[in-house]
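First up is the structure itself, then whatever we jot down about it.
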Amino acid sequence: MSDVPEASNREEVEDNTPEPEEQSDDSSDDGEASGDTEMDFLRNLFSKTLGISGEKVLDELTLEGVASYIQSGKCKNIICMVGAGISTSAGIPDFRSPDTGLYANLQKYNLPYPEAIFQIDYFKKHPEPFFALARELYPGQFKPTVCHYFIKLLKDKGLLKRCYSQNIDTLERVAGLEGEDLIEAHGTFYTSHCVSFMCRKEYDLDWMKEKIFSDDIPKCDKCSSLVKPDIVFFGENLPKRFFTSMAMDFPRCDLLIIMGTSLQVQPFAALVGRVSNSCPRLLINLEKAGGADPLLGMIGIGGGMDFDSAKAYRDVAHISTCDDGCLAFADLLGWKAELEEMVKREHEKINSKAEEEQTAGKAESGKAESGKAESGKAAESGKAESGKAEVE
């Protein structure tokens, strides 16, 4: 399951989300970073209003130009922004594609409207549809894509500042990104919490998986309230760490790579406008996205990405699937063989682990059946002995 539903009214503070992890590589505190970001916002606003462009750092506005920029050694703090499109080749549907998208295939749940399945108030009264859907799309049933492993390769080469993901499928973690590498803007299945504000007991992925696949509605062991995965529903706030990390990361970004997202969900979409005016922005997607309404662009809302005008100087659109785009990009960087080998090796590991778990499951099932058979024999033997005693 990827890319949680759109919510334009999410707030910036949530008292019951985990505190942001300490960023050991960031020397300034949150207040300084926030101030820097606000100054950057004002600079961008005045620059847009006055028609002032930033410094042009790409030789050409193509994938080749971005690859040359990375190879120059000037690019050291890459931020990736990703959405549902990076997971569709793994077999996970996006939300809005006609016929195949998630919202187009929810009729069997008898919802009042498709988005209700992610409404917190509806969930508290009727949790069954959400958990039925979760059983179909639960993390652990899918393998990361080429795109996921390309991001991991950026990390391995010391180029990745952070990956900001709209997805809740945990495939970034499966591919090898760790908590400090990742901002799960719309939450995650990785952890779950009791919905009661008086309790908030935390549960891990394995606990939730066991409940979901046993057809049980997950209830808190402590207070018997519902337990919900830590994904952001309509009516809930984004994680606090999204905002604190955004304030620290984006002013330092020297290349923004956007993949598999329509850039329609706020406040995530507005992040593209948080980088400096000189920061190149690469979009790898099936269609162009991020172009802001002129009025909204003037006040700094939306991406304001410019791929085609005479004033374009830093935005590049590579129109393709995310996997094909990442393979082409890796080829230009001289990393294609390394990326393909990584995908092959990691997928083999995942397959091997799945086979081991399946074998172990069969063994446990066999033991249980054997135990039942032995109990049955013992019971029959006991009856026979009892019969003999009666005859005697």
Side-chain angles (χ1 to χ4, degrees), residues 1-3 82 84 86-93 130-157 160 163 165 167-182 184 187-193 201-219 221 227-231 322-323 326-327 330 335-376:
M1 190 185 298
S2 299
D3 199 28
V82 300
I86 75 167
S87 295
T88 52
S89 65
I92 302 174
F130 171 78
F131 286 115
L133 177 66
R135 190 158 49 249
E136 289 185 40
L137 301 174
Y138 201 77
Q141 304 178 79
F142 306 95
K143 293 191 283 286
T145 65
V146 169
C147 187
H148 289 100
Y149 287 114
F150 179 78
I151 299 170
K152 174 60 164 58
L153 199 55
L154 289 175
K155 175 191 172 178
D156 291 348
K157 294 184 178 296
L160 182 69
C163 176
S165 177
N167 299 337
I168 57 174
D169 52 36
T170 74
L171 288 182
E172 295 92 355
R173 291 178 183 265
V174 178
L177 296 191
E178 299 175 359
E180 65 181 18
D181 307 315
L182 188 60
E184 292 157 317
T188 178
F189 266 95
Y190 196 69
T191 55
S192 301
H193 281 85
K201 183 176 178 180
E202 181 174 315
Y203 296 88
D204 62 20
L205 186 66
D206 290 336
W207 183 92
M208 179 58 73
K209 182 177 181 180
E210 181 183 345
K211 294 293 184 183
I212 287 177
F213 283 94
S214 63
D215 291 335
D216 290 338
I217 297 300
K219 296 289 184 69
D221 298 336
V227 176
K228 183 183 78 67
D230 290 342
I231 63 174
C322 294
D323 286 353
C326 286
L327 282 171
W335 303 348
K336 186 176 181 181
E338 187 177 356
L339 176 58
E340 290 176 329
E341 174 57 31
M342 176 185 282
V343 174
K344 180 182 177 182
R345 181 180 67 248
E346 295 302 319
H347 280 189
E348 286 175 351
K349 285 182 183 177
I350 292 170
N351 290 337
S352 177
K353 183 179 179 182
E355 288 173 5
E356 288 175 5
E357 290 177 351
Q358 188 175 20
T359 301
K362 287 180 179 178
E364 287 297 322
S365 178
K367 286 180 182 178
E369 290 298 322
S370 176
K372 287 180 182 178
E374 291 295 327
S375 296

Neighbour count above 12 (heavy atom, 6.0 Å) for K201 NZ: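 More than 12 within 6.0 Å, yes.
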CD/E210: more than 12 non-hydrogen atoms of other groups inside 6.0 Å: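 Not more than 12 within 6.0 Å, no.
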Within-4.5 Å side-chain heavy-atom neighbours: [X] and [Y]:
X	Y	value
P218	F131	yes
F142	D169	no
I168	T188	no
V174	T170	yes

Salt bridge (Lys or Arg N to Asp or Glu O under 4.0 Å) involving R135 - partner list, sequence neighbours excluded: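 Here the qualifying residues are D215.
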If you measure from [atom1] on [X] to [atom2] on [Y], what distance do you get to the nearest 0.5 Å?
X	Y	atom1	atom2	value
I212	I217	CD1	CD1	9.0 Å
I350	E355	CD1	CD	12.5 Å
L339	L327	CG	CG	5.5 Å
E202	S192	CD	OG	8.5 Å

Carboxylate-amine/guanidinium proximity below 4.0 Å for E346 and K349: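 A salt bridge is present here (some side-chain N lies under 4.0 Å from a carboxylate O).
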Those residues that, when tested against Y203, pass ring pair (Phe, Tyr, Trp, His ring centres under 6.0 Å) (two or more places apart):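 Once residues adjacent in sequence are excluded, the partners of Y203 under the ring pair (Phe, Tyr, Trp, His ring centres under 6.0 Å) criterion are W207.
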K157: side chain to side chain donor-acceptor pair (under 3.5 Å) partners, not counting sequence neighbours: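 K157 satisfies side chain to side chain donor-acceptor pair (under 3.5 Å) with E338 once adjacent residues are dropped.
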Residues which pass side chain to side chain donor-acceptor pair (under 3.5 Å) with S214, listed by chain and number, not counting sequence neighbours: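 Residues passing side chain to side chain donor-acceptor pair (under 3.5 Å) with S214: D216.
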Worked check of side-chain hydrogen bond (donor to acceptor under 3.5 Å, both in side chains) between S165 and E184: CA-CA 5 Å; S165 177; E184 292 157 317; over 6 Å; no
Compile the donor-acceptor pairs under 3.5 Å between side chains in residues 143-156 and protein atoms, sequence neighbours left out, one pair per line.
| residue | atom | partner | partner atom | Å |
| --- | --- | --- | --- | --- |
| K143 | NZ | N351 | OD1 | 3.3 |
| T145 | OG1 | I86 | O | 2.9 |
| T145 | OG1 | C147 | N | 3.3 |
| T145 | OG1 | H148 | N | 3.4 |
| T145 | OG1 | H148 | ND1 | 2.8 |
| H148 | ND1 | T145 | N | 3.0 |
| K152 | NZ | D156 | OD1 | 2.8 |
| K152 | NZ | D156 | OD2 | 3.1 |
| K155 | NZ | D181 | OD2 | 2.8 |

Minimum-distance pair of heavy atoms, taken over all atoms of A90 and L171: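 Where A90 meets L171 most closely, the heavy atoms are CB-CD1, 4.1 Å.
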side-chain hydrogen bond (donor to acceptor under 3.5 Å, both in side chains) evaluation trace for D323 with S89: CA-CA 8 Å; D323 286 353; S89 65; 2.7 Å; yes
Partner set under side-chain contact (heavy atoms from CB on, under 4.5 Å) for D206, not counting sequence neighbours: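 D204.
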Side-chain (N167) to main-chain (A84) donor-acceptor, under 3.5 angstrom: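 Judged by distance alone, yes, a pair lies under 3.5 Å.
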